J.: 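Once you've had a glance at the structure underneath, I'll fire off some questions.
In this text, all values refer to a predicted model and were calculated from it rather than measured experimentally. Every number for a ligand or one of its atoms is a count from 1 in the order of the listing.
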Amino acid sequence: MNDLESFQLMDQDDPLQHFRSHFHHNKNEIYFDGNSLGKMPKAVIDQLKETLEVQWGKQLIRSWNEKWLALPTRLSEKYAQFLNADPSEILFGESTSVRLYQVIYALLNSGKYLHHLITDNLNFPTDHYILQGFTKNYKGTTLTRLNYGQEIRAELDMLKDLIKEKPGIICLSLVTYKSAYLYPMQELNQWAEAQGALIIWDLSHAVGAVPIHLKDSGAKVAVGCTYKYMNGGPGAPAFLYINNTLGLELDNPIQGWFGHQNPFNFDEDYTHSVGLERFQNGTPSILSMQALEAGIDLSLAAGISAIRTKSITITTLIKKAVQKELEPFGFEFHSPHESLYRGSHIALLHPHAWPITQALIAGNKSVPKIIPDFRPPNLIRIGIAPLYTQYESVWWLISRLKELGSTHSNLNFSAPITKVP
Ligand SMILES: Cc1ncc(COP(=O)(O)O)c(C=O)c1O
């Protein structure tokens with residue numbers, strides 16, 4: 001690998017480098033976990049201060065009309081640029097899990113799709129759990145969980161065969177949480193459509209990291225969280241996308257007052273809103289939405305194309321360094337090799353992944369703390385968040401992994417007790 005100086009030069013040439021100063025950073029610490037919880041944009045502090053002191057503290061209930069009722073719509077307008085969809089097709093609020101449950105329930109009730117649910121072994125646990133719940137709680141629903149026998153990539157022929165055999169409602173993560181495999185969304189949407197089936201895309205690991213073209217790719221439904229690459233903060237509101245033609249034919253199974261056509265008429269009976277707002281449930285979480293807006297604004301200013309270019313450059317650099325320098329020390333590149341099929345994180349397998357991760361996080365006098373994340377039993381994930389990840393950090397990471405790979409038998413960290421989300 002080249003020396004530290006050449007990586008520092010790449011930082012100097014990085015067109016996104018000035019975005020880093022918009023985030024809070026800790027001294028002597030390198031963060032590679034923006035794919036789990038994104039860093040805090042500095043603007044959030046002022047944003048929330050204003051919301052707390054003026055909007056809530058002073059203006060109180062008046063702020064609903066003055067500021068808050070317009071906020072979810074404004075977020076949808078901004079987000080439409082990342083999803084390449086119409087703002088009227090995007091709704092903020094709740095968690096990804098709740099949105100997934102809500103929309104699957106609505107699709108099953110619609111009578112438009114057979115009650116076969118499909119997912120694969122690459123999907124995130126909450127998606128599996130929500131789908132499993134339907135086989136218990138929604139009579140006549142079946143679930144097939146396709147197992148490719150490995151966790152790096154989907155086997156598209158197997159997946160297509162299953163969709164053809166059991167057309168219904170399929171749920172996939174556009175970028176998978178372990179290996180960062182990126183599905184060919186358009187190809188699969190077209191296939192599903194031809195079989196009378198529909199794919200729900202979980203975009204949690206994709207939005208703000210890879211270009212997404214919901215409209216052009218023929219996607220009908222998508223959900224996702226906003227606290228990863230969008231830097232929305234812990235528990236930031238999730239989003240729901242339903243294509244306009246379908247969305248206006250579905251009923252929200254949770255008939256809360258914010259989904260009512262006229263919530264402030266306080267009618268006794270429910271009439272759903274004319275637009276996708278019918279999928280709103282209760283009062284939106286304004287504080288979290290305010291925090292999220294600062295994150296969205298930064299990604300919008302950078303542009304997804306520049307973000308993707310830097311992400312590919314860095315993940316490719318890491319891939320080459322792993323092959324050349326880390327494989328002799330027992331590390332295995334566990335993400336797709338082609339950037340076309342890879343999101344913005346890298347998975348490394350190592351039989352001693354846990355103590356190595358702990359040693360990275362601990363740092364020492366001569367090396368900074370390096371924070372990746374660990375997924376049991378033996379996976380280290382390295383998240384690249386182009387708005388603040390530096391090339392120099394990649395040099396430190398590879399150098400430190402090389403050192404730890406050759407000395408791991410001396411590491412003394414107890415086994416993992418809890419799983420970090
Ligand atoms: C693919 C995927 N879906 C969903 C979630 C989380 O869902 P929720 O917003 O319900 O916490 C995560 C969290 O890491 C995820 O990676």
Side-chain angles (χ1 to χ4, degrees), residues 31-39 75 79 82-83 90-105 117-134 145 151-154 169-183 185 188 199-210 212 214 219 221-241 254 279 281 284-285 288-289 291-292 295-296 335 342-347 371-376 379-385 418-421:
Y31 195 64
F32 281 114
D33 214 357
N35 56 322
S36 202
L37 175 68
K39 281 201 164 201
L75 295 186
Y79 230 67
F82 292 112
L83 301 184
I90 303 164
L91 212 56
F92 279 88
E94 318 296 345
S95 64
T96 313
S97 309
V98 169
R99 286 305 195 192
L100 193 56
Y101 176 82
Q102 205 182 353
V103 75
I104 293 177
Y105 204 106
L117 303 179
I118 292 179
T119 188
D120 64 14
N121 66 312
L122 308 185
N123 210 348
F124 186 74
T126 206
D127 302 56
H128 289 299
Y129 305 155
I130 295 289
L131 293 170
Q132 286 162 17
F134 278 99
R145 182 179 188 269
E151 294 183 314
I152 298 185
R153 58 195 308 142
I169 300 164
I170 301 108
C171 174
L172 302 169
S173 285
L174 180 62
V175 172
T176 64
Y177 83 108
K178 279 194 176 170
S179 73
Y181 173 71
L182 171 59
Y183 291 81
M185 181 156 67
L188 289 173
I199 304 179
I200 301 174
W201 292 101
D202 182 336
L203 305 179
S204 297
H205 276 276
V207 67
V210 301
I212 297 169
L214 291 182
V221 178
V223 293
C225 69
T226 56
Y227 46 76
K228 300 177 186 295
Y229 298 101
M230 298 309 298
N231 306 297
F239 60 90
L240 167 69
Y241 158 87
I254 308 169
F279 272 83
N281 304 315
S285 49
S288 317
M289 286 193 185
L292 167 61
I296 295 177
S335 291
R342 190 170 69 225
S344 200
H345 68 269
I346 290 295
I371 306 189
D373 72 11
F374 168 80
R375 287 292 174 266
L379 210 62
I380 303 171
R381 286 192 320 180
I382 316 290
I384 307 306
T418 51
K419 208 176 120 187
V420 182

J.: Kindly write out the residues that satisfy salt bridge (Lys or Arg N to Asp or Glu O under 4.0 Å) with Lys39, not counting sequence neighbours, or none if the list is empty.
T.: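 Once residues adjacent in sequence are excluded, Lys39 has no partner under the salt bridge (Lys or Arg N to Asp or Glu O under 4.0 Å) criterion.
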J.: Less than 4.5 Å apart, side chain to side chain, heavy atoms only: is that true for Asn121 and Arg145?
T.: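 Touching, per the 4.5 Å side-chain cut-off.
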J.: Below 4.0 angstrom from a heavy atom of Tyr227, which ligand 1 atoms are there? Numbered from 1 as shown, please.
T.: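 So the atoms of ligand 1 that pass are 6 (C), 7 (O), 8 (P), 9 (O), 11 (O), 13 (C).
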J.: Return yes when Lys228 approaches ligand 1 closer than 4.0 angstrom through a heavy atom, no otherwise.
T.: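 Yes, that is the case, since the closest heavy atom of the residue is under 4.0 Å from the ligand.
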J.: Any N/O of Asp202 closer than 3.5 Å to an N/O of ligand 1?
T.: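 By distance alone, the answer is yes.
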J.: Hey, does Ser173 sit under 4.0 Å from ligand 1 if you only count heavy atoms?
T.: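 Checking ligand 1 against Ser173, which is what was asked, there is a heavy-atom contact under 4.0 Å.
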J.: Asp127 heavy atoms, cut-off 4.0 Å: which ligand 1 atoms fall inside?
T.: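 In order of numbering, the contacting atoms are 3 (N).
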J.: May I ask you to check if ligand 1 and His205 share an N or O to N or O distance below 3.5 Å?
T.: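 Yes: some nitrogen or oxygen of His205 is under 3.5 Å from one in ligand 1.
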J.: For side-chain contact (heavy atoms from CB on, under 4.5 Å), just list the numbers for Phe239 and Leu203, CA-CA rounded to whole Å, side-chain angles, deciding distance to a tenth of an Å, and then say yes or no.
T.: CA-CA 9 Å; Phe239 60 90; Leu203 305 179; 3.9 Å; yes
J.: Return the orientation label for the Phe134 and Tyr105 ring planes: parallel under 30°, perpendicular over 60°, tilted otherwise.
T.: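 Because their plane-to-plane angle lies in the 30° to 60° range, the rings of Phe134 and Tyr105 count as tilted.
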J.: Among side-chain atoms of Tyr177 and Asp127, is any donor-acceptor pair under 3.5 angstrom?
T.: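 There is no such pair (donor and acceptor under 3.5 Å, judged by atom type) between the side chains of Tyr177 and Asp127.
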